[in-house]
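Proteins get letters first, then strands, A, B, ... in listed order; numbering begins at 1 in each. Values below: all heavy atoms of this structure, side chains included; hydrogens, waters and symmetry mates excluded.
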Amino acid sequence: MSEKKEQQSKASLNKTEDSNKSDQEIVRFEKMEKLARENINLFPHNVKKTHSIIDVIEGFSSLSKEDLEKKNVKVTVPGRIISIRRMGRATFFHIADCRSRLQAYLKEDKVGKKNYQLFSLFDIGDIISVEGVLFKTRTEELTVLADSFTFLAKCFHPLPEKWHGLQDVELRYRKRYLDLIMNPAESEVFRLRSAMIAYIRKFFDQNGYIEVETPMMHSVPGGALARPFKTFHNALGMDLYLRIAPELYLKRLIVGGFEKVYEINRNFRNEGISSEHNPEFTMLEFYQAYSDYFDMMEMTEELIHGMSLSILGTEDVTFGDNTISLKRPWKRVTYKEALASYSGIAPARFENKAGIIELAGTLAPDKKGLSYGKALDIIFDKHVKHNLIQPTFVINPPKEVSPLAKATEKNPDEAERFELVMCGMEIANAFSELSDPAEQKKRFEQQEEARKGGDEDAHWIDTDYIHSLEYGLPPTGGEGIGIDRLVMIFANRKSIREVILFPLLRQK
RNA sequence: GGGCCGUUAGCUCAGAGGGAGAGCACCGGCCUUUUAAGCCGGGUGUCGCUGGUUCGAGUCCAGCACGGCUCACCA
């Protein structure tokens, strides 16, 4: 390309860019060019800060006006400009990060005419560092009286409006950075989430567990009844599936002699999206040898109750209009009792298996080849689950829908399994792990039949897993806890997207 | 995937057959303790997209796209 042509194409490129820019964006771009002409480093490499905004607020808010003056506290504190009040030869502005905000005061006679004019090239959204001495204004607001300031980054887009902020839910999720800038309270949800996960790690580490990482790419997806995402490994020429659960690998580790293992990571399920479902979600799974599902119930109570006391400072959690009491012990009801008490279906009708299957068929017309157990499960999900607000262990569901759990000792049709339901959501799922390789093989084969009958969620046959059981799996209790949903409850958020930083959205 | 609702300025929203509007933000002017700073002046727009009805469509109709709620599925 000739020089002339190149210049032309550059010019037209700029023109195209400008035509896509709003008036406000053009103004900001021009201000940056002016800063460049003033020899301001537009993208500085570093800044020597003495305090974060929160350090200043927490450290000096309580001091009286006079004490603050006496102390003569010098700070260099960086932050994003979120408001500017220009008043001729003086300017007030606030800088903020997603935790707190701090006012700064700029006077022309303090910083000099040239610097004061330079500040007029700054916009709401720009990141700067303010150097100065702390004082309190007439209204007792802690403020930095600026001696100088340093430009750190230009914000090329106008920020949303200061009263209502960013409300558009779609934009909040697509541009989470903007959500965090405009709605700093949102960052509390993710700080809470981080604290919960840190608590979980501490809890299991202190209980003698080790944290492990098992494959997220499986050649045979297993450990749950769900549809997987499929992918492909080029060099090996191999189909792979993103894991739907880590379960079968974690139990292989119990076979291998690790007595207590846990894993916190993502599972992927190729299902619908809803306020309770994101295609990738975070699951805690833990397995403990020489234990059964009763031990898992005790641990679950201890973990979540302790977490609430430690992080929220209460055992009564507010979720929407409800107050959830985490006081131990939690309610335990059998699956049958739950169906009888909450489904609104007369208990006698459950004797009529064909009738129940028919009823479930009307509730879930997409499902084909329903078994009695699967039918009960549909009725449970549809009519029972959302009535269980207080933490409730629903125990002993049908064995048919629990292909990885031991049958109870009393009833061969029921599984030693519980689902923990809170706020109408399934939070945890645990069982006494099936350890009989022949029985496991049989269950897988039954699942395979169901799959052939059109049940897309049915479990695949994992022959390597059966082989591992043949080396001996001790009596083991295992459990999965949906972290996103637990965060929803602790953070009092009704949508899973509010607790996932970047929830999956359709491509625009 | 079904049902209902939504999409208008950078943001938050009004406008429901006939002039493209408000507040904040932005631009120009005044203003050295303001804080939803204030005062004076300025509207910056592909009314989501594509068709249709109409003399005339932001407004009515159809289709599409994206989103929210909800149902289905799932944890």
Distance in angstrom units between [X] [atom1] and [N] [atom2], rounded:
X	N	atom1	atom2	result
A:Q24	B:rA25	CD	P	10 Å
A:N278	B:rG67	CG	P	13 Å
A:E456	B:rA75	CD	P	14 Å
A:Y173	B:rG67	OH	C1'	11 Å

[atom1] spacing across the pair [N] / [M], given as an integer number of angstrom:
N	M	atom1	value
B:rA57	B:rA16	C1'	11 Å
B:rG19	B:rU34	P	47 Å
B:rC11	B:rU70	C1'	28 Å
B:rC4	B:rG18	P	27 Å
B:rG29	B:rA22	P	23 Å

**Study point:** Side-chain-base donor-acceptor pair under 3.5 Å for A:Q103 and B:rU34
**Key:** yes
Study note, to complete from the structure: Under a 4.0 Å heavy-atom cutoff, the residues of residues 382-405 of chain A touching RNA chain B are A:K382
Give a yes/no answer on whether the side chain of [X] brings an N or O atom under 4.0 Å of OP1 or OP2 in [N].
X	N	result
A:K31	B:rC27	yes
A:R85	B:rA37	yes
A:K162	B:rA25	yes
A:R174	B:rG67	yes

Check your understanding: What's the base orientation of B:rA16: syn (chi within 90° of 0) or anti?
Key -> syn
Review point. With a non-hydrogen cut-off below 4.0 angstrom, is A:R138 in contact with a base, only sugar-phosphate, or nothing?
Key: base
Review point. Base, sugar-phosphate alone, or nothing: which one does A:L225 contact when heavy atoms must sit under 4.0 Å apart?
Key: sugar-phosphate
Revision key, fill the gap. Judged by nearest nucleotide, the residue sitting upstream toward the 5' end of RNA chain B, A:Y105 or A:I273, is A:Y105
Exercise for review: Say whether, by atom type as modelled, one donor and one acceptor occur between the side chain of A:S187 and the main chain of A:P184 under 3.5 angstrom.
Suggested key: yes
Check your understanding: Which of the following nucleotides, B:rG67, B:rG23, B:rU33, is nearest to the side chain of A:W163?
Key -> B:rG23
Check your understanding: Given B:rU12, B:rG68, B:rC26, which nucleotide is nearest the side-chain atoms of A:H164?
Key -> B:rU12
